[in-house]
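Taking it in order: structure first as structure tokens, then the write-up.
Nothing here was measured: the structure is a model prediction, and the numbers come from that model. Note on naming: letters A, B, ... go to the chains in the order of the sequence lines (proteins, then strands), and numbering restarts at 1 for each one.
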Amino acid sequence: MLDIAYIRANTELVKTGMVNKGEKTTDVVDRVLEVDEKWRSLVHEIDTLRSTSNARSKEIGKLMGQGKKEEAQVIMSETATAKDTIKRLEEELGVLAQERTDLLYRIPNVPHESVPVGHTDADNVVHSTWGDPLPQEWRVPHWDLAKDHNWIDFERGVKVTGAGFPFYVGTGARLQRALINFFLNSAAERGYTELQAPYFVNEDSARGTGQIPDKEDMMYTIPRDGFFAIPTAEVPVTNFHRDEILELNELPVKYCGYTPCWRREAGSYGKDVRGLNRLHQFDKVELVKFVHPDTSYDELESLREDAELLLQALGLPYRTLLMCTGDMGFTQTKKYDLEVWSPGQQRWLEVSSCSNFESFQARRMMVRYRDEDGKPKILHTLNGSGLALPRIVSAILETYQEASGKVRIPEVLKPFLGNSDYL
RNA sequence: GGAGAGAUGGCAGAGCGGUCGAAUGCGGCGGUCUUGAAAACCGUUGAGCCGAAAGGUUCCGGGGGUUCGAAUCCCUCUCUCUCCGCCA
């Protein structure tokens with residue numbers, strides 16, 4: 001959520017940002033300012049009332065201590081009504097406070113000035129490309145190839161759990177494990193501390209990163225225990241420092257973590273869901289940074305680079321998109337998507353998205369750092385995939401397949417796969 | 001799953017219903033001393049909110065209650081620890 005003081009001081013900027021992100025109206029901004037105004041004046045009123053009644057209680061305490069019961073009685077009778085008034089006003093305040101935060105939660109983060117204004121994915125800007133997209137030629141989609149080699153078993157996944165929960169079999173499973181190791185090792189070399197995170201989180205954590213309210217439908221739930229299956233490691237890893245104050249000299253704090261991710265993906269059908277393109281359970285290595293506000297845009301560039309280097313090392317042609325305002329999402333100020341080329345399907349597949357949230361998540365989670373003046377300040381958070389596995393598996397199978405149907409192993413993965421040349 | 005104990009500041013750990021935002025110790029920061037460091041000594045050191053500031057206010061696991069007044073009493077929830085059982 002945004003800082004209400006920021007909204008007050010930059011109302012038009014916030015509204016413009018909303019419009020550019022594709023919100024139909026900006027009424028919520030006016031309403032939050034209105035409610036905030038009322039809230040603040042009521043806070044003031046209540047604080048004043050409490051101040052006098054606190055003073056009186058102390059007075060009573062003093063008199064009682066001196067044994068002056070009668071004098072104490074007089075003041076007691078005076079305070080009786082103030083108590084009721086305060087209680088009534090506090091109830092009012094509670095309603096206002098709730099409304100205020102509800103409204104604040106509905107205001108999206110403001111796009112950075114460097115982000116192109118646009119409405120759809122057509123307005124995204126190609127930031128860079130690496131390698132040449134391979135032509136189709138003999139290359140078949142990964143689902144056919146994987147089936148021929150018995151590397152992925154979609155049918156048994158359906159039997160055991162349901163659609164979108166495949167088995168990886170034999171070499172297929174090994175390839176997954178190799179990729180996870182390669183990604184984690186690379187992240188470690190780039191200064192990320194590895195975290196092995198819980199796969200379930202509680203409600204506070206889900207709220208911290210913004211899955212609740214609004215996006216709880218994307219998550220699988222464990223209602224009996226009040227848990228959510230994580231849709232991405234971003235949730236547990238970013239919440240790692242919830243309600244904490246980090247020291248200035250430890251910034252930037254960088255974590256990587258491998259986890260499975262579960263997403264209900266309600267309402268997704270059609271060709272997009274063939275094979276590994278869209279799953280309910282998939283594996284991902286996530287990169288998360290906690291940084292000083294002054295550096296977050298530099299950190300975004302280096303985060304993007306961290307992710308890009310993985311694709312380059314794997315030798316997979318890809319392109320990097322700078323997402324336009326309309327295609328960016330509620331919580332981000334700036335976002336890059338990395339799309340790998342799938343020669344078997346002749347299309348780009350998103351394998352990473354690297355985002356700056358500025359203080360949007362950190363404010364909600366109260367993650368702060370202690371500034372030079374000794375005061376706690378909200379820091380900035382960023383995250384990006386490094387990388388999502390299934391579409392990388394698709395791209396490897398399709399890119400490295402030979403006319404015979406055999407699949408070569410990318411150089412960097414060989415050490416993880418017995419130094420063989422072929423899968 | 002059963003039984004018991006507990007939840008207080010960065011950590012440890014006190015706290016009769018009234019000057020308790022909270023003793024004390026450790027840690028942190030500043031200083032004295034020292035060629036430098038250590039030790040010793042002195043001082044300082046929680047966070048949120050309102051406010052231009054002065055100041056005010058809230059917070060002792062969460063929520064509710066009793067009271068003029070709650071860290072302290074009552075109810076409730078959650079979590080942690082110990083023992084037993086079960087178990088990778």
_Does B:G65 have its OP1 or OP2 closer than 4.0 Å to a side-chain nitrogen or oxygen of A:Lys87?_
yes
*Want to settle it: does A:Arg56 or A:Arg50 sit nearer the 5' end of RNA chain B, counting the closest nucleotide to each?*
A:Arg50
Base-pairing mate for [N] - Watson-Crick or G-U, with both contacts under 3.5 Å:
N	answer
B:C87	none
B:A53	none
B:A22	none
B:G30	B:C42

_Which residues share a salt bridge (charged side-chain N to carboxylate O under 4.0 Å, His left out) with A:Asp243, sequence neighbours left out_ = none
_Under the rule for salt bridge (charged side-chain N to carboxylate O under 4.0 Å, His left out), what residues qualify as partners of A:Glu37, not counting sequence neighbours?_
A:Arg40
*Base versus backbone protein contacts along nucleotides 42-54 of chain B [heavy-atom cut-off under 4.0 Å; B, S, -]*: -----SSSSS---
*Would a line drawn from the ring center of A:Tyr336 to the ring center of A:His127 be shorter than 6.0 Å?*
yes
*Take atom CG of A:Asp84 and atom C1' of B:C68, then tell me their distance rounded to the nearest Å.*
12 Å
*Inter- and intrachain pairs under side-chain hydrogen bond (donor to acceptor under 3.5 Å, both in side chains), touching residues 9-23 of chain A, at least two apart*: A:Lys15-A:Asp30
Produce the list of close N/O pairs, under 3.5 Å, pairing protein atoms with atoms of nucleotides 69-79 of chain B; give distances to one decimal.
| unit_1 | atom_1 | unit_2 | atom_2 | d |
| --- | --- | --- | --- | --- |
| B:G69 | O4' | A:Ser57 | OG | 3.3 |

*A:Trp39: partners by ring-ring contact (aromatic ring centres under 6.0 Å, His included), with sequence neighbours left out*: none
